[in-house]
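These notes concern the structure reproduced below.
The sequence lines fix the lettering, A, B, ..., with proteins before strands; numbering per chain opens at 1.
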Amino acid sequence: MNKILIISFICSISLGFLSGAEQKFTFDKEAYSFDNIVQEELFYSLLVELRCPKCQSSNLSGSNSPISNDLKREVYELVIKEKSAEEIKAYLVERYGNFIIYNPPIEPATYILWFGPFLLIILSLGSIILYRRKQA
Amino acid sequence: MKKLLDILPLVIFVSLIIILFSFLSNEGDQLETALIDESFPEFSLTSLTDKTKVLTKSDISRLPALINVWATWCIACKVEHPFLMKLKEDSILPIYGLNYKDNRNKAIALLKADGDPFEFSIFDFEGRLAIDLGVYGAPETFFIDKAGVIRVRHVGVIDDKVWKEKFAKYLDE
(Lines give C-alpha, C1' and ligand atoms only; values in the text may rest on other atoms or scores of the structure.)
Protein backbone atom coordinates (compact mmCIF):
# COMPACT_ATOMS: atom_id res chain seq x y z
CA MET A 1 0.00 0.00 0.00
CA ASN A 2 2.76 2.40 0.97
CA LYS A 3 4.71 1.55 -2.17
CA ILE A 4 1.74 2.40 -4.33
CA LEU A 5 1.40 5.76 -2.61
CA ILE A 6 5.05 6.60 -3.12
CA ILE A 7 5.08 5.50 -6.76
CA SER A 8 2.00 7.51 -7.62
CA PHE A 9 3.53 10.51 -5.86
CA ILE A 10 6.70 10.27 -7.98
CA CYS A 11 4.65 9.76 -11.15
CA SER A 12 2.57 12.85 -10.57
CA ILE A 13 5.66 14.96 -10.01
CA SER A 14 7.42 13.72 -13.15
CA LEU A 15 4.28 14.40 -15.20
CA GLY A 16 4.76 18.06 -14.43
CA PHE A 17 8.26 18.01 -15.90
CA LEU A 18 7.15 16.12 -18.99
CA SER A 19 4.46 18.64 -19.87
CA GLY A 20 7.16 21.28 -20.36
CA ALA A 21 8.60 19.34 -23.29
CA GLU A 22 9.59 21.05 -26.55
CA GLN A 23 6.93 22.08 -29.02
CA LYS A 24 7.25 21.79 -32.78
CA PHE A 25 7.32 24.73 -35.15
CA THR A 26 4.20 24.78 -37.28
CA PHE A 27 4.92 27.70 -39.57
CA ASP A 28 7.06 28.59 -42.55
CA LYS A 29 10.53 29.29 -41.20
CA GLU A 30 11.71 30.45 -44.65
CA ALA A 31 9.75 33.67 -44.21
CA TYR A 32 12.24 34.97 -41.64
CA SER A 33 15.86 35.75 -42.45
CA PHE A 34 18.43 37.04 -39.99
CA ASP A 35 21.71 38.95 -40.00
CA ASN A 36 23.33 36.49 -37.64
CA ILE A 37 22.80 33.34 -35.64
CA VAL A 38 22.34 35.24 -32.35
CA GLN A 39 19.25 37.01 -33.69
CA GLU A 40 17.91 33.77 -35.10
CA GLU A 41 18.29 31.92 -31.82
CA LEU A 42 16.72 34.77 -29.88
CA PHE A 43 13.77 34.82 -32.27
CA TYR A 44 13.01 31.12 -31.97
CA SER A 45 13.54 31.00 -28.23
CA LEU A 46 11.09 33.90 -27.80
CA LEU A 47 8.47 32.15 -29.93
CA VAL A 48 8.59 29.21 -27.56
CA GLU A 49 8.40 31.44 -24.50
CA LEU A 50 5.55 33.67 -25.66
CA ARG A 51 1.97 32.59 -25.53
CA CYS A 52 -0.62 33.00 -28.26
CA PRO A 53 -3.28 35.39 -26.84
CA LYS A 54 -6.07 33.86 -28.91
CA CYS A 55 -5.48 30.16 -28.43
CA GLN A 56 -4.44 30.33 -24.76
CA SER A 57 -2.91 26.87 -24.59
CA SER A 58 -0.33 27.25 -27.32
CA ASN A 59 2.83 29.30 -27.71
CA LEU A 60 3.49 31.54 -30.70
CA SER A 61 5.60 28.95 -32.51
CA GLY A 62 2.88 26.33 -32.19
CA SER A 63 0.12 28.55 -33.53
CA ASN A 64 -0.69 29.75 -37.01
CA SER A 65 -3.58 32.01 -36.04
CA PRO A 66 -3.51 35.50 -37.60
CA ILE A 67 -2.77 37.16 -34.27
CA SER A 68 0.15 34.79 -33.64
CA ASN A 69 1.57 35.55 -37.05
CA ASP A 70 1.26 39.29 -36.38
CA LEU A 71 3.06 38.84 -33.09
CA LYS A 72 5.77 36.76 -34.78
CA ARG A 73 6.29 39.61 -37.21
CA GLU A 74 6.41 42.08 -34.32
CA VAL A 75 8.96 39.94 -32.43
CA TYR A 76 10.96 39.49 -35.65
CA GLU A 77 11.12 43.24 -36.25
CA LEU A 78 12.27 43.87 -32.68
CA VAL A 79 14.92 41.13 -32.93
CA ILE A 80 16.24 42.67 -36.16
CA LYS A 81 16.43 46.02 -34.36
CA GLU A 82 18.82 44.34 -31.90
CA LYS A 83 16.44 44.53 -28.94
CA SER A 84 17.21 42.21 -26.06
CA ALA A 85 14.95 39.37 -24.92
CA GLU A 86 13.98 41.38 -21.84
CA GLU A 87 13.08 44.46 -23.88
CA ILE A 88 10.95 42.44 -26.27
CA LYS A 89 9.10 40.68 -23.47
CA ALA A 90 8.51 43.97 -21.67
CA TYR A 91 7.15 45.45 -24.91
CA LEU A 92 4.60 42.64 -25.23
CA VAL A 93 3.66 42.55 -21.54
CA GLU A 94 2.94 46.29 -21.78
CA ARG A 95 0.30 45.47 -24.39
CA TYR A 96 -0.99 42.02 -23.51
CA GLY A 97 -0.21 41.75 -19.80
CA ASN A 98 1.54 38.89 -18.01
CA PHE A 99 -0.71 36.52 -19.90
CA ILE A 100 1.60 36.63 -22.90
CA ILE A 101 4.58 35.13 -21.08
CA TYR A 102 4.58 31.59 -19.81
CA ASN A 103 7.00 32.65 -17.09
CA PRO A 104 5.06 35.25 -15.13
CA PRO A 105 6.80 37.42 -12.50
CA ILE A 106 6.44 36.58 -8.81
CA GLU A 107 3.96 39.12 -7.43
CA PRO A 108 0.88 38.91 -5.16
CA ALA A 109 -1.44 38.07 -8.05
CA THR A 110 0.71 35.10 -9.04
CA TYR A 111 1.61 33.76 -5.58
CA ILE A 112 -0.89 30.92 -5.83
CA LEU A 113 0.56 30.01 -9.22
CA TRP A 114 4.14 29.89 -7.94
CA PHE A 115 3.70 28.56 -4.45
CA GLY A 116 0.46 26.57 -4.73
CA PRO A 117 2.17 23.45 -6.14
CA PHE A 118 4.77 23.42 -3.34
CA LEU A 119 1.99 23.79 -0.81
CA LEU A 120 0.26 20.79 -2.38
CA ILE A 121 3.49 18.75 -2.25
CA ILE A 122 3.99 19.59 1.41
CA LEU A 123 0.36 18.80 2.19
CA SER A 124 0.44 15.47 0.39
CA LEU A 125 3.82 14.48 1.84
CA GLY A 126 2.52 15.44 5.27
CA SER A 127 -0.58 13.34 4.89
CA ILE A 128 1.46 10.35 3.67
CA ILE A 129 3.70 10.58 6.75
CA LEU A 130 0.75 10.97 9.07
CA TYR A 131 -1.01 8.06 7.40
CA ARG A 132 2.03 5.80 7.81
CA ARG A 133 2.46 6.74 11.44
CA LYS A 134 -1.12 5.93 12.14
CA GLN A 135 -0.70 2.49 10.61
CA ALA A 136 2.50 1.71 12.54
CA MET B 1 -6.52 14.88 17.35
CA LYS B 2 -7.06 11.55 15.65
CA LYS B 3 -10.54 12.52 14.61
CA LEU B 4 -9.25 15.75 13.15
CA LEU B 5 -6.72 13.79 11.07
CA ASP B 6 -9.45 11.54 9.76
CA ILE B 7 -11.41 14.42 8.33
CA LEU B 8 -8.34 16.36 7.11
CA PRO B 9 -8.47 14.96 3.54
CA LEU B 10 -12.14 15.90 3.37
CA VAL B 11 -11.38 19.42 4.58
CA ILE B 12 -8.62 19.85 1.98
CA PHE B 13 -10.85 18.45 -0.74
CA VAL B 14 -13.76 20.72 0.13
CA SER B 15 -11.56 23.82 0.31
CA LEU B 16 -10.03 22.98 -3.08
CA ILE B 17 -13.52 22.65 -4.54
CA ILE B 18 -14.48 26.03 -3.10
CA ILE B 19 -11.33 27.73 -4.42
CA LEU B 20 -11.67 26.23 -7.89
CA PHE B 21 -15.37 27.00 -7.99
CA SER B 22 -14.75 30.64 -7.16
CA PHE B 23 -12.47 30.87 -10.22
CA LEU B 24 -15.30 29.62 -12.41
CA SER B 25 -17.36 32.72 -11.79
CA ASN B 26 -14.60 34.98 -13.13
CA GLU B 27 -15.18 36.02 -16.71
CA GLY B 28 -12.77 33.65 -18.37
CA ASP B 29 -12.43 35.45 -21.67
CA GLN B 30 -11.54 38.83 -20.19
CA LEU B 31 -7.76 38.88 -20.15
CA GLU B 32 -6.07 41.31 -17.86
CA THR B 33 -5.67 44.65 -19.53
CA ALA B 34 -2.31 46.31 -19.46
CA LEU B 35 -3.56 49.48 -21.12
CA ILE B 36 -6.15 50.67 -18.62
CA ASP B 37 -5.37 54.26 -17.53
CA GLU B 38 -2.77 54.61 -20.27
CA SER B 39 -3.21 57.15 -23.03
CA PHE B 40 -4.32 55.89 -26.42
CA PRO B 41 -1.31 54.78 -28.51
CA GLU B 42 0.00 56.79 -31.45
CA PHE B 43 -0.66 55.38 -34.90
CA SER B 44 -0.43 56.24 -38.58
CA LEU B 45 -2.80 54.22 -40.76
CA THR B 46 -5.03 54.87 -43.73
CA SER B 47 -8.73 55.56 -43.65
CA LEU B 48 -10.95 52.62 -44.58
CA THR B 49 -12.88 54.60 -47.15
CA ASP B 50 -9.93 56.54 -48.60
CA LYS B 51 -6.61 54.74 -48.90
CA THR B 52 -4.75 57.96 -49.70
CA LYS B 53 -5.84 59.58 -46.43
CA VAL B 54 -3.53 58.93 -43.46
CA LEU B 55 -5.15 59.00 -40.03
CA THR B 56 -3.32 59.62 -36.75
CA LYS B 57 -4.26 59.86 -33.09
CA SER B 58 -5.12 63.56 -33.48
CA ASP B 59 -7.98 62.60 -35.82
CA ILE B 60 -9.76 61.01 -32.88
CA SER B 61 -10.78 64.46 -31.86
CA ARG B 62 -14.24 64.16 -30.35
CA LEU B 63 -13.85 62.76 -26.83
CA PRO B 64 -14.98 60.85 -24.83
CA ALA B 65 -15.41 58.18 -27.49
CA LEU B 66 -15.51 54.47 -28.17
CA ILE B 67 -12.99 52.66 -30.32
CA ASN B 68 -14.59 49.55 -31.75
CA VAL B 69 -12.48 46.80 -33.30
CA TRP B 70 -14.47 45.14 -36.07
CA ALA B 71 -14.16 43.14 -39.29
CA THR B 72 -16.42 41.58 -41.90
CA TRP B 73 -15.12 38.10 -41.01
CA CYS B 74 -16.26 38.62 -37.43
CA ILE B 75 -19.72 37.16 -36.84
CA ALA B 76 -20.11 38.63 -33.36
CA CYS B 77 -19.50 42.10 -34.84
CA LYS B 78 -22.72 41.66 -36.86
CA VAL B 79 -24.50 40.87 -33.60
CA GLU B 80 -23.38 44.07 -31.91
CA HIS B 81 -23.77 46.27 -34.99
CA PRO B 82 -27.38 47.29 -34.24
CA PHE B 83 -26.36 48.39 -30.75
CA LEU B 84 -23.58 50.58 -32.14
CA MET B 85 -26.10 52.06 -34.58
CA LYS B 86 -28.38 52.83 -31.66
CA LEU B 87 -25.56 54.61 -29.79
CA LYS B 88 -24.98 56.73 -32.88
CA GLU B 89 -28.64 57.48 -33.52
CA ASP B 90 -29.17 58.54 -29.91
CA SER B 91 -25.98 60.65 -30.11
CA ILE B 92 -24.63 59.03 -26.94
CA LEU B 93 -20.98 59.41 -27.93
CA PRO B 94 -18.85 59.24 -31.08
CA ILE B 95 -17.58 55.81 -32.14
CA TYR B 96 -14.40 55.31 -34.10
CA GLY B 97 -13.94 52.02 -35.94
CA LEU B 98 -10.75 50.01 -36.13
CA ASN B 99 -11.20 47.73 -39.11
CA TYR B 100 -9.02 44.77 -38.18
CA LYS B 101 -7.27 42.47 -40.69
CA ASP B 102 -10.03 42.82 -43.23
CA ASN B 103 -10.70 43.21 -46.93
CA ARG B 104 -11.13 46.92 -47.68
CA ASN B 105 -13.85 46.57 -50.33
CA LYS B 106 -15.85 44.04 -48.34
CA ALA B 107 -15.71 46.28 -45.28
CA ILE B 108 -16.89 49.34 -47.20
CA ALA B 109 -19.72 47.30 -48.75
CA LEU B 110 -20.84 46.06 -45.34
CA LEU B 111 -21.07 49.60 -43.93
CA LYS B 112 -23.05 50.66 -47.00
CA ALA B 113 -25.49 47.78 -46.64
CA ASP B 114 -25.98 47.72 -42.85
CA GLY B 115 -25.27 51.32 -41.89
CA ASP B 116 -22.13 53.05 -40.62
CA PRO B 117 -22.06 53.79 -36.87
CA PHE B 118 -18.49 55.18 -37.03
CA GLU B 119 -17.12 58.71 -37.39
CA PHE B 120 -14.54 56.96 -39.54
CA SER B 121 -12.83 53.59 -39.60
CA ILE B 122 -9.08 53.10 -39.40
CA PHE B 123 -7.89 50.42 -41.83
CA ASP B 124 -5.48 48.16 -39.93
CA PHE B 125 -4.77 45.34 -42.34
CA GLU B 126 -1.57 44.22 -40.65
CA GLY B 127 -2.91 44.56 -37.12
CA ARG B 128 -0.34 47.22 -36.13
CA LEU B 129 -2.47 49.46 -33.96
CA ALA B 130 -4.28 46.34 -32.79
CA ILE B 131 -1.04 44.99 -31.29
CA ASP B 132 -0.37 48.31 -29.57
CA LEU B 133 -3.85 47.99 -28.06
CA GLY B 134 -3.32 44.37 -27.02
CA VAL B 135 -6.19 43.27 -29.26
CA TYR B 136 -6.44 39.53 -29.88
CA GLY B 137 -9.74 39.24 -31.67
CA ALA B 138 -12.87 41.05 -32.66
CA PRO B 139 -15.07 42.59 -31.50
CA GLU B 140 -13.29 44.57 -28.83
CA THR B 141 -14.32 47.97 -27.55
CA PHE B 142 -12.31 50.63 -25.74
CA PHE B 143 -13.65 53.67 -23.93
CA ILE B 144 -11.44 56.75 -24.15
CA ASP B 145 -12.13 59.61 -21.76
CA LYS B 146 -11.92 63.36 -22.32
CA ALA B 147 -8.18 63.33 -21.66
CA GLY B 148 -7.55 60.62 -24.26
CA VAL B 149 -6.97 57.94 -21.62
CA ILE B 150 -8.24 54.37 -22.05
CA ARG B 151 -10.65 53.62 -19.21
CA VAL B 152 -12.49 50.46 -20.23
CA ARG B 153 -11.71 47.54 -22.45
CA HIS B 154 -14.39 45.05 -23.35
CA VAL B 155 -13.73 41.84 -25.26
CA GLY B 156 -16.77 40.47 -27.06
CA VAL B 157 -20.17 41.78 -28.02
CA ILE B 158 -21.29 45.05 -26.46
CA ASP B 159 -25.02 45.27 -25.74
CA ASP B 160 -27.40 47.13 -23.44
CA LYS B 161 -26.36 45.15 -20.37
CA VAL B 162 -22.60 45.46 -20.96
CA TRP B 163 -23.03 49.15 -21.73
CA LYS B 164 -24.86 49.82 -18.46
CA GLU B 165 -22.51 47.73 -16.34
CA LYS B 166 -19.13 48.66 -17.76
CA PHE B 167 -19.32 51.83 -19.81
CA ALA B 168 -22.19 54.13 -18.81
CA LYS B 169 -20.62 55.29 -15.52
CA TYR B 170 -17.59 56.76 -17.29
CA LEU B 171 -19.75 58.84 -19.60
CA ASP B 172 -20.97 61.04 -16.72
CA GLU B 173 -17.51 61.80 -15.38
Side-chain angles (χ1 to χ4, degrees), chain A residues 5 50-58 60 63 65-78 88-101 104-105 107-113 115-117 119-136, chain B residues 1-16 18-20 22-23 26 28-43 69 71 73-74 76 98 100-103 124-140 142 150 153 155-156:
Chain A
L5 270 178
L50 294 166
R51 187 169 172 185
C52 158
K54 188 73 197 171
C55 6
Q56 312 214 346
S57 56
S58 169
L60 287 188
S63 161
S65 69
I67 178 74
S68 285
N69 289 331
D70 283 356
L71 287 171
K72 274 176 220 150
R73 180 200 63 214
E74 204 77 11
V75 170
Y76 174 73
E77 287 173 0
L78 291 168
I88 295 171
K89 278 191 243 174
Y91 175 91
L92 288 166
V93 168
E94 242 172 60
R95 287 158 179 76
Y96 286 90
N98 285 333
F99 183 90
I100 194 95
I101 42 178
E107 56 185 37
T110 59
Y111 279 166
I112 191 164
L113 195 68
F115 303 119
L119 198 73
L120 280 179
I121 288 179
I122 292 167
L123 275 176
S124 42
L125 267 180
S127 23
I128 289 173
I129 291 167
L130 283 173
Y131 181 79
R132 292 187 63 178
R133 261 199 206 153
K134 228 172 68 177
Q135 279 202 326
Chain B
M1 184 64 190
K2 193 172 167 294
K3 258 193 183 163
L4 198 75
L5 277 181
D6 282 341
I7 60 160
L8 189 65
L10 186 69
V11 172
I12 292 172
F13 179 71
V14 169
S15 35
L16 256 182
I18 291 168
I19 291 169
L20 295 178
S22 73
F23 285 137
N26 289 352
D29 59 345
Q30 301 290 325
L31 297 189
E32 60 171 314
T33 307
L35 279 164
I36 292 293
D37 295 336
E38 300 279 333
S39 77
F40 196 80
E42 300 285 341
F43 63 92
V69 182
W73 48 260
C74 154
L98 175 60
Y100 178 52
K101 302 183 79 65
D102 206 354
N103 174 300
D124 192 3
F125 180 70
E126 293 183 309
R128 299 268 171 184
L129 175 57
I131 283 183
D132 281 338
L133 283 169
V135 166
Y136 61 93
E140 283 195 29
F142 296 84
I150 299 171
R153 174 204 194 178
V155 178

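Rounding to the nearest 0.5 Å gives a distance of 6.5 Å between CG of B:Leu16 and CG of A:Leu120. Within the model, atoms CG of B:Leu8 and CG of A:Leu123 stand 7.5 Å from one another, a figure rounded to the nearest 0.5 Å. A:Asp70 contributes atom CG, which lies 15.5 Å from atom OH of B:Tyr136 (distance to the nearest 0.5 angstrom).
Residue contact with chain B, scored on non-hydrogen atoms closer than 4.5 Å, involves the backbone and the side chain of A:Leu71 alike.
By the 4.5 Å heavy-atom criterion applied to side chains, A:Arg73 and B:Glu126 are counted as neighbours. Using a 4.5 Å heavy-atom cutoff, the side chains of A:Tyr91 and B:Asp132 are in contact.
Not counting sequence neighbours, the partners of A:Ser65 by the side-chain hydrogen bond (donor to acceptor under 3.5 Å, both in side chains) test are A:Ser63, A:Ser68.
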Worksheet item: After noting the C-alpha distance and the side-chain angles of B:Glu38 and A:Glu94, does the key distance pass the side-chain contact (heavy atoms from CB on, under 4.5 Å) rule?
Response: CA-CA 10 Å; B:Glu38 300 279 333; A:Glu94 242 172 60; over 6 Å; no
Item to complete: Carefully, step by step, assess A:Arg95 and B:Leu133 under the rule side-chain contact (heavy atoms from CB on, under 4.5 Å).
Response: CA-CA 6 Å; A:Arg95 287 158 179 76; B:Leu133 283 169; over 6 Å; no
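Within a 6.0 Å sphere centred on CZ of A:Phe115, other residues, nucleotides and ligands contribute more than 12 heavy atoms.
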